[in-house]
Novice: 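Here it is: the structure, laid out below.
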Amino acid sequence: MPLLEALYDLLPEPVATPATGSTHAVVIDSPAPWHPEAGPVLYLISEEARRLEASMRRDVTGRLGERRGGSDRNTVAALRAIEQLAHAVPEERARAACRIIARWIRSARQVADIGLEERAVPLPRLPGQLPPPCPYCGTYSLRVLVGDGRIWCINRTCEDQNGHRPRGHLDQGRQEGGITWADGRTTYRRDWA
């Protein structure tokens with residue numbers, strides 16, 4: 001669970017006042033007292049791990065079991081229980097759990113201070129204009145990994161000419177800038193207006 005440990009390491013210690021030994025009160029509209037990316041990811045994993053464990057336990061035993069407390073130790077215990085319960089649930093249920101865990105891992109890897117995976121962002125847009133629409137579905141649902149130029153449509157119902165989710169490569173090297181799609185189609189920046 002090295003990623004989980006890396007997330008915990010990013011969270012700051014509470015700031016104590018030397019005179020009283022107490023921690024500072026949170027001021028409304030002040031920044032969160034934890035790492036702005038790691039904190040929400042840890043909270044998501046913590047809460048969803050308990051829910052996933054309970055639902056898998058129900059699938060195996062017919063009851064939810066007692067809910068775990070919110071400590072870091074209980075989060076690790078829930079993750080270990082999920083690993084064990086995966087061997088007892090139906091295969092499709094175990095696959096669904098793996099997809100959920102893969103989402104947690106991806107979110108943790110995308111925390112900027114961990115930096116193991118780039119976060120997909122909406123396609124860059126020209127100043128004062130909307131982002132370019134997907135040439136297949138017409139929605140503004142294109143996402144790109146800027147570092148390597150991979151691009152895709154996140155609209156689940158969108159299909160290219162081959163019946164697949166549109167995937168392509170953003171070529172920013174050419175003056176006109178363009179996207180070469182997996183089905184052979186090419187769109188250019190001038191087509192985005």
Side-chain angles (χ1 to χ4, degrees), residues 1-57 64-86 93-125 127 130-132 139-156 165 167 169-170 172:
M1 295 185 198
L3 275 176
L4 195 61
E5 291 172 12
L7 288 170
Y8 285 131
D9 289 345
L10 288 174
L11 294 180
E13 298 276 328
V15 179
T17 304
T20 63
S22 66
T23 58
H24 293 301
V26 176
V27 178
I28 295 176
D29 292 334
S30 68
W34 54 76
H35 190 279
E37 289 180 277
V41 170
L42 270 172
Y43 180 77
L44 175 82
I45 293 170
S46 176
E47 178 59 28
E48 287 189 1
R50 286 159 178 73
R51 290 176 186 229
L52 182 58
E53 177 195 14
S55 67
M56 291 175 78
R57 189 173 309 285
L64 293 174
E66 202 169 307
R67 180 148 167 86
R68 292 188 186 275
S71 71
D72 298 343
R73 183 175 291 172
N74 278 326
T75 299
V76 171
L79 291 170
R80 289 200 172 115
I82 290 167
E83 182 180 7
Q84 296 302 314
L85 290 165
R93 185 70 172 108
R95 285 187 184 151
C98 286
R99 287 190 297 271
I100 292 168
I101 293 167
R103 181 172 41 84
W104 299 340
I105 292 169
R106 189 171 46 255
S107 294
R109 291 174 57 89
Q110 290 174 348
V111 169
D113 287 335
I114 292 177
L116 295 175
E117 189 173 319
E118 186 179 3
R119 182 175 304 212
V121 296
L123 198 61
R125 61 189 174 128
L130 291 170
T139 64
Y140 302 109
S141 54
L142 295 178
R143 297 297 182 267
V144 64
L145 293 174
V146 178
D148 69 5
R150 282 185 291 157
I151 188 169
W152 63 94
C153 181
I154 61 170
N155 178 353
R156 293 177 186 246
R165 179 86 61 91
R167 295 195 179 279
H169 188 269
L170 180 64
Q172 296 181 7

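All values reported here derive from a predicted model rather than from experimental measurement. For the numbers below, each heavy atom of this structure counts, side chains included, while hydrogens, waters and symmetry mates do not.
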Novice: Looking only at heavy atoms, which two atoms of Gly39 and Trp34 are closest? And how far apart?
Specialist: CA-CD1, 3.4 Å
Novice: Under the criterion side chain to side chain donor-acceptor pair (under 3.5 Å), which of Arg50, Arg80, Arg68 is the partner of Thr75?
Specialist: Arg50
Novice: Taking atom CD1 of Ile100 and atom CE of Met56, what is their separation to the nearest 0.5 Å?
Specialist: 9.0 Å
Novice: Show, in sequence, the C-alpha distance, side-chain angles and deciding distance for Ile105 and Arg109, and conclude whether the side chain to side chain contact (heavy atoms under 4.5 Å, CB included) test is met.
Specialist: CA-CA 6 Å; Ile105 292 169; Arg109 291 174 57 89; 3.7 Å; yes
Novice: Return yes if some donor-acceptor pair links the side-chain N/O of Arg119 with the main-chain N/O of Gln110 below 3.5 Å, else return no.
Specialist: yes
Novice: Is the number of heavy atoms from other residues, nucleotides or ligands within 6.0 Å of OH (Tyr43) greater than 12?
Specialist: no
Novice: Determine, stepwise, if the pair Asp72 / Leu4 fulfils side chain to side chain contact (heavy atoms under 4.5 Å, CB included).
Specialist: CA-CA 10 Å; Asp72 298 343; Leu4 195 61; over 6 Å; no
Novice: Could you pull out the closest heavy-atom pair between Arg57 and Ala81, with the gap in Å?
Specialist: NH2-CB, 4.0 Å
Novice: Work out which heavy atom in Ala49 is nearest to a heavy atom in Leu79; give both atom names and the distance.
Specialist: CB-CD2, 3.9 Å
Novice: What's the spacing between Cys98 SG and Ile82 CD1 if we round to 0.5 Å?
Specialist: 10.5 Å
Novice: Verify, without hydrogens or angle tests, whether Glu118 (side chain) and Val146 (backbone) share a donor-acceptor contact under 3.5 angstrom.
Specialist: yes
Novice: If you count the non-hydrogen atoms of other residues, nucleotides and ligands that lie under 6.0 Å from CZ in Arg143, is the total more than 12?
Specialist: yes
Novice: Distance check, rounded to the nearest 0.5 Å: Ile101 atom CD1 versus Arg99 atom CZ?
Specialist: 11.5 Å
Novice: How far apart are the closest heavy atoms of Ile114 and Ala6, and which atoms are they?
Specialist: CD1-CB, 4.0 Å
Novice: Kindly compute the distance separating CD1 (Ile45) from CD (Glu47), expressed to the nearest 0.5 Å.
Specialist: 12.5 Å
Novice: For the residue pair Val144 and Pro122, what are the closest heavy atoms and their distance?
Specialist: CG1-O, 4.1 Å
Novice: Find the distance between OG (Ser107) and CG (Leu7) and round it off to the nearest 0.5 Å.
Specialist: 9.5 Å
Novice: Ignoring hydrogens and geometry, is there a side-chain-to-backbone donor-acceptor pair from His169 to Asp148 under 3.5 Å?
Specialist: yes
Novice: Do the side chains of Glu53 and Asn74 get nearer than 4.5 Å, heavy atoms only?
Specialist: no
Novice: Mind checking the CG-CG spacing from Leu52 to Leu85? Nearest 0.5 Å is all I need.
Specialist: 8.5 Å
